[in-house]
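Only one structure is covered here, and it is reproduced in the block below.
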There are 2 protein chains.
Amino acid sequence: MADVNVSSLAISPKGAGKTDDSQGNEGIPAVELIELLFFAYRDFVGDADELLVRLGFGRAHHRVVHFVNRHPGMRVADLLEVLKITKQSLGRVLRELVDNGYIEQKAGATDRRERLLYVAPKGEELARQLVALQTRRFARALNECGPGARAAARKFLASMIDPEQRAEVERLIANANGKK
Amino acid sequence: MADVNVSSLAISPKGAGKTDDSQGNEGIPAVELIELLFFAYRDFVGDADELLVRLGFGRAHHRVVHFVNRHPGMRVADLLEVLKITKQSLGRVLRELVDNGYIEQKAGATDRRERLLYVAPKGEELARQLVALQTRRFARALNECGPGARAAARKFLASMIDPEQRAEVERLIANANGKK
DNA sequence: CGTTTACGTCAGCCATATTGACTTATTTTC
DNA sequence: GAAAATAAGTCAATATGGCTGACGTAAACG
């Protein structure tokens, strides 16, 4: 599932790879970074996919479990906004997670219309395993990159996010940290 | 389409964000990197999505145009191996791209069973635009990160790829570069 | 009391992927 | 030269994960 396996590609040499060394590129064309990000992300999500398919879940379930674990007590509406999907799409995934005992819903204390979302022990364990898998990949990669790479990677990844939305993502992360 | 818009998430504080500062973490928990990569990749592909939907295409078309542009004359079997999808899945996408004049197929010179894939001028222009969009995001991000960031990002991204497949990805990239 | 809000759900649609079985053309092998 | 293997295309059925629109219900707001 995490396989990229670009094996034995004896492709005829003649292509469109511009050197593109015009503005402090350090000799690295952007198209290389584009392709590396593509493959890196593919393997990154592949880690989780393997575990998820065994449970009959998909990436949608992963995202829900992850964010609910990070933000216990979040409302359904909050989750919809983070995931940027529709109520209907979330509905099926959420129902499956609730039915299988990964997520719990509790009516809000002040506003009883709200169904606040919490991970059940089963869901917390799944979230923990998923984070552990991906943590391992980051740890290995950053270890190869030497000291300072973690801070550099953090800065780089944050910089790749749309500037308008970066503050909100940082707020989301800060909100989830510093608890427990 | 690139929107993440995690706005106004007034989520109740009480969570599972482990500090996880145990093995040279530079104070940055891996879960932060995981989430940043998630949002970064989302915006990264969002750039291309906007352009593609206007043409009635999806991400599958993007991948095909990109790789055929980088590897002109590749066989259908090669493309299947890179994309890791089935012949049947590729079929529809490829047909649409050919019908709309983005991709051309030519019978192989030595083996006439092969339908070698080439981008038509229209397809080359689309590939160029898509790369330009994503190049812009990398350029902005790396500019924010200061000197040396490009090389560091390249190393980091390559390190995130499964070790077994890294060599093949590097070969693929090297193969596509150094032409034209 | 009427409106709005939070959530859920029914029904239908679309895009992208899957598997299996089969055809056609062509090359390779014996 | 006939048989087998290969490259590609296609048909049919299925799954997943999104989408829109419409509607229902309970609770809160004003």
Side-chain angles (χ1 to χ4, degrees), chain A residues 1 3 8-12 42 45-46 48-49 52-65 68 73-99 103-118, chain B residues 1 3 8-12 42 45-46 48-49 52-65 68 73-99 103-118:
Chain A
M1 188 130 269
D3 307 64
S8 63
L9 265 184
I11 291 164
S12 75
R42 188 173 187 159
V45 295
D49 284 346
L52 291 161
V53 289
R54 272 181 270 151
L55 301 171
F57 291 150
R59 290 182 189 172
H61 303 83
H62 182 178
R63 294 193 283 270
V64 170
V65 168
V68 171
M74 75 190 304
R75 298 175 310 147
V76 171
D78 295 330
L79 191 51
L80 290 176
E81 205 164 2
V82 175
L83 301 182
K84 299 299 273 181
I85 58 174
T86 59
K87 198 174 28 166
Q88 295 88 332
S89 295
L90 180 59
R92 178 184 44 82
V93 171
L94 199 50
R95 192 184 332 111
E96 289 168 356
L97 288 170
V98 170
D99 289 352
I103 297 279
E104 283 172 8
Q105 289 175 304
K106 297 176 190 170
T110 61
D111 186 337
R112 297 211 318 282
R113 288 174 306 181
E114 297 172 344
R115 310 288 167 81
L116 305 186
L117 302 172
Y118 296 88
Chain B
M1 187 128 269
D3 306 64
S8 63
L9 264 185
I11 292 164
S12 74
R42 186 173 188 157
V45 294
D49 284 346
L52 291 161
V53 290
R54 273 182 269 151
L55 301 172
F57 291 151
R59 290 182 189 172
H61 303 84
H62 182 178
R63 294 193 283 270
V64 170
V65 168
V68 171
M74 75 190 302
R75 298 174 312 146
V76 170
D78 296 330
L79 191 51
L80 291 177
E81 205 166 2
V82 175
L83 300 181
K84 299 300 272 181
I85 57 174
T86 58
K87 197 173 30 165
Q88 295 88 335
S89 295
L90 179 59
R92 177 187 48 83
V93 170
L94 198 51
R95 191 183 334 113
E96 288 168 357
L97 287 170
V98 170
D99 288 352
I103 297 280
E104 283 172 8
Q105 289 174 304
K106 297 175 192 171
T110 60
D111 186 338
R112 297 211 319 281
R113 289 174 305 181
E114 298 172 343
R115 308 291 164 81
L116 305 185
L117 302 172
Y118 297 87

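Letters go in sequence order (proteins before strands), and every chain restarts at 1.
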Check B:L116 against B:G73 and note the closest heavy-atom contact, atom names and distance.
-> CD2-O, 3.6 Å
Atom-pair distance (CD on A:E114; P on D:dA26), nearest Å = 18 Å
Validation: residues 85-92 of chain B side-chain donor-acceptor distances under 3.5 Å, sequence neighbours left out:
from, atom 1, to, atom 2, distance (Å)
B:T86, OG1, B:S89, N, 3.3
B:T86, OG1, B:S89, OG, 3.1

Considering all heavy atoms, the nearest B:L83-B:R63 contact | CD2-CB, 3.7 Å
Where the side chain of A:Q105 is concerned, which of D:dG9, C:dT16, C:dG8 is the nearest nucleotide?
-> C:dG8
Rounded interatomic separation in angstrom, taking CG from B:L55 and P from C:dA15 = 14 Å
Between A:D111 and A:S89, which is nearer to the 5' end of DNA chain D once each is assigned its nearest nucleotide?
-> A:S89
Kindly say if B:R113 contacts the phosphate of C:dT24, meaning a side-chain N or O under 4.0 Å from OP1 or OP2.
-> no
Apply the side chain to side chain contact (heavy atoms under 4.5 Å, CB included) test between A:V68 and each candidate in A:L97, A:L117, A:L94; give the one that qualifies.
-> A:L117
Which nucleotide in the set D:dG18, C:dT16, D:dA8 lies at the smallest distance from any side-chain heavy atom of B:A77?
-> D:dA8
Only residue of A:R59, A:H62, A:R54 satisfying side chain to side chain donor-acceptor pair (under 3.5 Å) with A:D49 is A:R59
Closest listed nucleotide, where the reference is the side chain of B:R92 and the choices are D:dG9, D:dG17, C:dT16 | C:dT16
Over how many whole Å does the gap from B:E81 atom CD to D:dT6 atom P extend?
-> 14 Å
Could you tell me whether B:R59 contacts a base, only the sugar-phosphate backbone, or nothing, with contacts defined as non-hydrogen atoms closer than 4.0 Å?
-> sugar-phosphate
Considering only C:dA6, D:dT10, D:dG18, which nucleotide approaches the side chain of B:R95 most closely?
-> D:dT10
Atom CD of A:E96 and atom C1' of C:dG8: how far apart are they, to the nearest Å?
-> 15 Å
Protein-nucleotide distance (A:H61, atom NE2; D:dG17, atom C1'), rounded to Å | 10 Å
Looking at the side chain of A:R115, which of C:dG8, D:dA7, D:dG17 is the nearest nucleotide?
-> C:dG8
Considering only heavy atoms and no angle criterion, is a donor-acceptor pair shorter than 3.5 Å present between the side chain of B:Q88 and the base of D:dG9?
-> no
Just how far is it from atom CD1 of A:I103 to atom CD of A:E96, taken to the nearest 0.5 Å?
-> 12.5 Å
Touch check for A:G91, heavy atoms < 4.0 angstrom, all strands: base, sugar-phosphate only, or nothing?
-> nothing
Rounded to whole angstroms, how far apart are CG on A:L90 and P on D:dT16?
-> 17 Å
Shortest non-hydrogen contact from B:V45 to B:R42?
-> CG2-O, 3.4 Å
Could you work out which one of C:dA17, C:dC7, D:dT10 sits closest to the side chain of B:R63?
-> C:dA17
Where the side chain of A:R75 is concerned, which of C:dT16, C:dC7, D:dA8 is the nearest nucleotide?
-> C:dC7
Start at the 5' end of DNA chain D and walk down; is the nucleotide closest to A:G108 or to A:G58 reached first?
-> A:G58
Side-chain atoms of B:A60 come closest, of D:dA8, C:dA17, C:dT19, to C:dA17
C:dT26 phosphate, OP1 or OP2, under 4.0 Å from B:R112 side-chain N/O | yes
For the pair made of CG in B:L80 and P in D:dT6, what is the distance, rounded to whole Å?
-> 16 Å
Rounded to whole angstrom units, what separation is found between the CD1 atom of B:I85 and the C1' atom of D:dG9?
-> 14 Å
To the nearest 10°, let me know how far the axis at one end of the helix from C:dC1-D:dG30 to C:dC30-D:dG1 is tilted from the axis at the other, five pairs an end.
-> 20°
Check: B:D111 side chain, B:G108 main-chain N or O, donor-acceptor pair, under 3.5 Å | no
Atom CD of B:Q105 and atom CD of B:E114: how far apart are they, to the nearest 0.5 Å?
-> 12.5 Å
Can you find a side chain N or O atom of B:T86 that sits less than 4.0 Å from OP1 or OP2 on C:dA17?
-> no
